[in-house]
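Data first, discussion second: the structure below is written as structure tokens.
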Amino acid sequence: MLVHPNTGLAFDSPVLPGTGWPGDPAEPGTPKAADAAQVRALAGAAGSVPELDAVVSVCRACPRLVAWREEVAVAKRRAFADQPYWGRPVPGWGSIRPRIFIVGLAPAAHGANRTGRMFTGDRSGDQLYAALYRAGLVNQPTSVDAADGLHTKQVRISAPVRCAPPANAPTPAERDTCWPWLEAEWRLVAEHVRTIVALGGFGWQIALRLPGVTAMRATPKPRFGHGAVAELPSGVRLLGCYHPSQQNMFTGRLTPAMLDDIFIEAKKLAGIK
């Protein structure tokens, strides 16, 4: 048994639904998708963001990803050996009526796969939330775990792949299986969104696939670049940003000042005061 450092509740690792993990959207009876067809069915049936978050968080449709995320949650990294790991798919996080929608890639094995919240507990998240704080879009500059009191201001963060993949590389089949979760999330929040921030070129391509964002046969398609802004037919602005990965920050390809510029611009484009 492990004891969560914030709640004091004990449970096995990885975390099971209904065990009191902070912010856990699922209950023991939440339906679990076992294959791609069930993902499509549950995603299509979700009528609210909390309902969608619950079914996302217990998905078991990709055997390789399920095995990896749970192996990591048991083996752990030495620095976190005394901490429980989430070890489940990570739902989107933030406002359910966002004006800014941030699209990342996939959870980190010892970041969101450990903490249960997007971009929380790893160095990419440290950079992202610090920049969001400086822009006035979250209430604190750090994101440590799911019970740290972090709140957003009209921002939601999501990803096209919800499980931590081995070597940070999901297969094309795994990406396709997971896609309906993001598609459904977008359906539920799109009417509020004014700006999409794509973290990296892959996030940019994913954003262009979202229903209603751009015409299916629009040519030429907007090209990714740091600071690039695409005015889409839907009225949404797509804003490109280099991914705040440890490598990008270490090499100087992306700097805190460059991140600040992106989120100041995103806030302006979204009409957030």
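Values below: all heavy atoms of this structure, side chains included; hydrogens, waters and symmetry mates excluded.
At distances below 3.5 Å, at least one donor-acceptor pair connects side-chain atoms of K267 with backbone N or O atoms of A135. Although no hydrogens or angles enter the test, the distance criterion places a donor-acceptor pair under 3.5 Å between the side chain of S124 and the main chain of P244. In this structure, the side chain of K268 does not engage the main chain of F263 through any donor-acceptor pair within 3.5 Å. At distances below 3.5 Å, at least one donor-acceptor pair connects side-chain atoms of T19 with backbone N or O atoms of L16. At least one donor-acceptor pair closer than 3.5 Å links the side chain of S234 to the backbone N or O of V213. A side-chain donor-acceptor contact under 3.5 Å links K76 to the backbone of Q83.
Partners of F119 according to the ring pair (Phe, Tyr, Trp, His ring centres under 6.0 Å) rule, which considers only residues two or more places apart in sequence or in another chain, are H243. Residues satisfying the ring pair (Phe, Tyr, Trp, His ring centres under 6.0 Å) test with Y133, not counting sequence neighbours, are none. With sequence neighbours excluded, the residues forming a side chain to side chain contact (heavy atoms under 4.5 Å, CB included) with Q205 are L208, listed by chain and number. Residues that satisfy the ring pair (Phe, Tyr, Trp, His ring centres under 6.0 Å) test with F224, not counting sequence neighbours, are W204. Listed by chain and number, the residues in a side chain to side chain contact (heavy atoms under 4.5 Å, CB included) with D176 amount to none (sequence neighbours excluded). Taking the salt bridge (charged side-chain N to carboxylate O under 4.0 Å, His left out) definition, one finds that E231 meets it with R237, sequence neighbours left out. Checked against salt bridge (charged side-chain N to carboxylate O under 4.0 Å, His left out), E174 has the following partners two or more places apart in sequence or in another chain: R64. In terms of the side chain to side chain contact (heavy atoms under 4.5 Å, CB included) criterion, residue partners of R60 (sequence neighbours excluded) are, by chain and number, K32, V66, R69, E70. By the side chain to side chain contact (heavy atoms under 4.5 Å, CB included) test, E71 is found to be paired with W68, residues two or more places apart in sequence or in another chain being considered.
Put simply, the side chain of Y85 does not reach to within 4.5 Å of the side chain of V74, judged on heavy atoms. The shortest side-chain heavy-atom distance between I272 and I100 falls under the 4.5 Å cut-off. Contact of the P89 side chain with the C59 side chain is registered, since non-hydrogen atoms from C-beta on lie closer than 4.5 Å. Side-chain contact check for F202 versus V103: every heavy-atom pair is 4.5 Å or farther apart. The shortest side-chain heavy-atom distance between V55 and P31 falls under the 4.5 Å cut-off. Using a 4.5 Å cut-off on side-chain heavy atoms (C-beta onward), V189 and S158 make no contact. Side-chain contact between T152 and L132 is absent, with no heavy-atom pair separated by less than 4.5 Å. Between V236 and T195 the shortest side-chain heavy-atom distance does not fall below 4.5 Å.
Here the closest non-hydrogen pair linking P256 and Q127 is CG-OE1, 4.2 Å. Considering every non-hydrogen atom in both N113 and V90, the closest pair reads N-CG2, 4.5 Å. A164 and L65 make their closest contact through O-CD2, 4.3 Å (heavy atoms, listed as atom of the first residue, atom of the second, distance). Considering every non-hydrogen atom in both P107 and P165, the closest pair reads O-CD, 3.8 Å. Taking each heavy atom of G104 and P160 in turn, the nearest pair found is O-CD, 3.2 Å. The nearest pair of heavy atoms linking C178 to V161 is SG-CA, 3.7 Å.
Screening residues 183-196 for salt bridge (Lys or Arg N to Asp or Glu O under 4.0 Å), with sequence neighbours left out, gives R156-E185, R162-E185. Among pairs with a residue in residues 134-192, those fulfilling ring pair (Phe, Tyr, Trp, His ring centres under 6.0 Å) read F101-W186, at least two apart in sequence or across chains. Applying the salt bridge (Lys or Arg N to Asp or Glu O under 4.0 Å) rule to pairs touching residues 94-111 yields nothing, sequence neighbours excluded.
Under the salt bridge (charged side-chain N to carboxylate O under 4.0 Å, His left out) rule, R117 has a single partner from D122, D148, D53, which is D148.
Both L259 and I196 belong to a single network of hydrophobic side chains, linked directly or stepwise wherever heavy atoms of I, L, V, M, F, W or Y lie under 4.5 Å apart.
Using a 3.5 Å distance cut-off with no hydrogens or angles, the side chains of T115 and T120 do not pair a donor with an acceptor.
The 12-atom threshold is exceeded at CD of Q140, counting heavy atoms of other residues, nucleotides or ligands nearer than 6.0 Å.
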